[in-house]
Amino acid sequence: MFESLSLLALQQYWWVIVSILASLLVFLFFVQGGQTLIYTLGKTEMERKMLVNSLGRKWEFTFTTLVTFGGAFFASFPLFYSTSFGGAYWVWMLILFAFVIQAVAYEYRSKPNNFLGQRTFEWFLIINGALGTILVGAAVSTFFTGSAFSVNKLNLTNIFGAGSTTISAWEGPAHGLEAALNIQNLSLGLAIFFLARILALLYFMNDIDDENIFARSKKQLLINTVPFLVFFLLFVGLLLTKDGFAVVPEQGVSPLLWKVKMEPFKYLHNFLQMPLVLIIFLVGVVFVLWGIIGTIIGKCKHGIWAAGLGTVLTVLSVFLIAGFNNTAYYPSTYDLNSSLTIMNSSSSKFTLTAMSYVSLLVPFVLAYIWYAWKSINNKKIDAREMEEETHAY
Amino acid sequence: MENFDMTLIDWSRGQFALTAMYHWIFVPLTLGLTFIIAIMETIYVKTGDEKWKKITKFWATLFGINFAIGVATGIILEFEFGTNWSNYSWFVGDIFGAPLAIEGIMAFFMESTFIAIMFFGWNKVSKKFHLTATWLVAIGANLSALWILVANAWMQNPVGMVFNPDTARNEMVSFWSVLFSPTAINKFLHTVTSGYVLSAVFVIGVASWFLLKKKDVVFAKQSILVASVFGIISSLFLVWTGDGSARQVAQVQPMKFAAMEALWDGQTNAPLVAIGFLEKPAPPKTEGQYQEKEFAFKIEIPNMLSFLAFLDPNAYIPGVKDLVNGYTDPRTGKREPSYSEKIALGKEAITTLKLYKEAVASGNAEEAAIHKAKFDDPDWRNNTFKYFGYGYYTEETKAGLLPSIPISFYSFHLMVILAGHFLALFIVMLIFSLKNRLEKMKWLLYVGIWSIPLVYIASQAGWVLAELGRQPWVIQDLMPTLSAVSKIDASSVQITFWLFAITFTTLLIAEIKIMLTQIKKGITGGH
């Protein structure tokens, strides 16, 4: 089935899969957003317990999606894995550190004799929530703003000279931290942070049966929506007006050798030249706003579904304009021709084909996740359940 | 070696070793304890006896505490391939990335979904659904082990791929060769069964403590019964798969095999060192020369090493010196090149790649075709490109191609001797368990408790042998650590090394304290 597809079609298929995983990850960041709100929404011990347990039953999905996103990116576009992770070392290390401390925090938080104390583990959750979302957002924004790196596969043969044998080199001392100084990167990081908090508020309103938490969540919704819109619109405004990194196809030349040049309004052009992606983007934004506004002005408790779907669609469209329509998805500002495209950074046709068969498992996985959760999540979390539950965090 | 930053390489290796060893403290218990819990819950569902439900929940609590820190220490490893070994990620990412992605899609989601039912579903789903979920957690955990071990085995025995000079990397040509390579099968079975043995010892040790304290006596005895049966079966598998693994090492990593036996001179009818101590190393004879270490004391089993490696007591086993200097197998007549020859061949392979890339870049199609033809020639691939990684070394640095002989030797022997101890422990425990005399055998119960640290040591020793024994290779013969590393400052890696060392140690202390508190609460004191 997949064997009949061209290499380019497989590369596009895998870019879509990576984009879907990324968009699901941003939706699932509601866990991170919620972690930054446990003290804002939870004023009593029981309220905080309900909040933490509500998130604690979902955190592993976010975590697993992140790990799978990393694995899928590695398998499909290994040059990105090697260039970005090996280059923007500090950004990725800080992100990883934030997820390391999250993984123990739920299980150890309320266990007796836990060495660091309950508050420390709660702060682990807060650090993860803030650092994880802002840094991932800033890192994704470099897909449009670029980074200073070079890629030269000839380095591998550098056995007689004094130069490095490493193919990818970051051409700056900050190893990724410089991304935080760019206003567009920062605006996406903060937009993701506030979006994660908004999604968390909507999730709590749907998942916890407690009047106080509901009322506080509703109040916080407006407070977080304003900065979200400011940063999101700033990011989108800068994105649509900036020069982009365009790939120049050359007849008869291997796509590995295609050149990259700057093109004014490249990302606006991508939206206009791929109207379906533009529609996905607009529908996504409308759904996010519907989920938020419907909850603020109405009595809706299920805003998480509209806002969640909207988040998935919006992020998906943003990833698609980064990689499709002859665009370099991981551009180099140091050397344009070192930029990564879905054509020059992917796995071989054989591996992409083999992995495409594996991707057929995804609907099956989603189905069992849905079924399993439906069977234990048919009732909202409340104080009574927290007192009776034998495995409460 | 002026183009290699050895400080960076050493710290990068140190960080990977640190994080991998920490992760491996928690994984084996996850692999085995899930099955033990699933067996206990099966007994509960079959008999309806509430006591078994309590036992299941007690062990599940300990499992949860261990699982969380296993997840925490695991995420870093996946990303370290990119952050610290970026050249590696490109050079073999086409093959290595696939198992990692499959692990996520196939195993991690299964584990994380059904673990939620295992913990939160007791009063929400039917008994049978809950039991199914518990079994699926066990299967999911072991499936994840399968994929990462397939990836690791491929690094030790790279098969199913060819080098593509256009992309300057190895590319997969047979998924099934990668998945079903004998190295992968043996590594998977040997590693997971070691996890089962560790878990069985863990259960026995904890239950022994209960018996000594005369606490939850019935529960402890039943746990020992289940664990000792599980342990005996697992140990037998462990021995069988260990034998298979050793045979694989002898064939595809002869230097690791010679190192783990500290065999300096090759011989037919090679004996196996049952117990031995190496004397202090003699100073190297010339600069860059390896340090020879002879035995101060050893007890040998005649012909055993030859038999172990090739199922033939007369088989020839090359020693460290033979592998370095080249040798001809006296029985088959097959000649193996010396390290100097391999270095020359490796340099030829690397230079051919360089010339090809330069010819392509300058548009010289004719010259490019000449070099390309070599990469398409199976003979050249098997006799020259095969030694690509040796090309990063020189005559002066070739001692770096040897693994540490004492570390390989001692880790191997420690692992084997302790494995024998655990099998004996399971058998004795089972016998006294069936005779219902466990409470009276205080010495045995103490042995049970003290076997817990021993089983962790044995488990780590196994990985130390697997990973240090193959040095300097990241990919056997194709890529040494030298050329696999990312281009970052050594100081950055030093900082992250200490960041993770302190974090993981702190979390380990928290884990042990929580675990001990839960154990002291016992089955009746907690859930």
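Here the structure is a predicted model, which is why all the values come from computation and not from measurement. All chains are named by letter (A, B, ...) in the order of the sequence lines, taking the proteins before the strands, and each is independently numbered beginning at 1.
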CZ (B:Phe163) with more than 12 external heavy atoms under 6.0 Å: yes
Part of A:Trp59 within contact of chain B (heavy atom distance under 4.5 Å): side chain
Flag for A:Ser82-B:Ser89: side-chain donor and acceptor within less than 3.5 Å: no
B:Lys520 atom NZ, over 12 foreign heavy atoms within 6.0 Å: no
Under 4.5 Å from any heavy atom of chain A - which part of B:Thr517: side chain
A:Ile101, part contacting chain B, at a heavy-atom distance under 4.5 Å: side chain
Side-chain donor-acceptor contact under 3.5 Å, A:Trp14 with A:Ser356: yes
Heavy-atom proximity to chain A below 4.5 Å, by part of B:Thr503: side chain
Contacting region of A:Leu154 [heavy-atom separation from chain B under 4.5 Å]: side chain
Option in B:Glu111, B:Met110, B:Lys357 with maximal non-hydrogen atom pairs under 4.5 Å from chain A: B:Met110
Toward chain A, the part of B:Val493 with a non-hydrogen atom under 4.5 Å: both
Chain B interface, residue from A:Ser168, A:Pro173, A:Pro112 that has the most non-hydrogen pairs under 4.5 Å: A:Pro112
Heavy atoms of other groups near A:Phe364 CZ, more than 12 under 6.0 Å: no
Part of A:Tyr357 within contact of chain B (heavy atom distance under 4.5 Å): neither
Per-residue contact mode, B:Leu516 against chain A (heavy atom under 4.5 angstrom): neither
Test item: side-chain donor near acceptor, A:Ser347 and B:Asp94, under 3.5 Å: yes
More than 12 heavy atoms from other groups under 6.0 Å of CH2 on A:Trp123: no
B:Tyr22-B:Thr505 side chain donor-acceptor pair, cut-off 3.5 Å: yes
Centroid separation A:Phe77 to A:Trp15 less than 6.0 Å: yes
A:Ile167 versus chain B, the contacting section by heavy-atom distance below 4.5 Å: both
Interface residue of largest heavy-atom contact number with chain B, from A:Ser254, A:Ala105, A:Ser84, A:Ala103, under 4.5 Å: A:Ala103
A:Phe73, part contacting chain B, at a heavy-atom distance under 4.5 Å: neither
Closest contact, heavy atoms only, A:Lys153 versus B:Ala168: CB-CB, 4.0 Å
Member of B:Thr61, B:Leu62, B:Ile69 meeting the side chain to side chain contact (heavy atoms under 4.5 Å, CB included) criterion with B:Met515: B:Leu62
Residue pair A:Tyr106 / A:Asn53, side-chain donor-acceptor N/O under 3.5 Å: no
Which portion of A:Thr65 sits near chain B, non-hydrogen atoms under 4.5 angstrom: both
Top contributor to chain A interface from B:Phe388, B:Phe109, B:Phe108, B:Trp122 [non-hydrogen pairs under 4.5 Å]: B:Phe109
Region of A:Tyr393 that comes under 4.5 Å of a non-hydrogen atom in chain B: side chain
Toward chain A, the part of B:Glu511 with a non-hydrogen atom under 4.5 Å: both
Largest heavy-atom contact set with chain B, pairs under 4.5 Å, which of A:Ala169, A:Ala354, A:Ser164, A:Gly56: A:Ser164
Proximity breakdown for A:Ser345 and chain B, heavy-atom pairs closer than 4.5 Å: backbone
Among the listed options B:Leu353, B:Ile117, B:Val125, B:Leu100, the residue most often paired with chain A at heavy-atom distances under 4.5 Å: B:Ile117
Under 4.5 Å from any heavy atom of chain B - which part of A:Leu79: both
Between B:Asn87, B:Asn84, B:Ile509, the one whose heavy-atom pairs under 4.5 Å with chain A are most numerous: B:Asn87
Side chain / backbone / both / neither for B:Thr73 at chain A, heavy atoms under 4.5 Å: neither
Aromatic ring pairing A:Phe80/A:Trp92, orientation class (parallel under 30°, perpendicular over 60°, tilted between): perpendicular
Closest contact, heavy atoms only, A:Val91 versus A:Ala139: CG1-CB, 4.3 Å
A:Val365 portion near chain B, given a 4.5 angstrom heavy-atom threshold: side chain
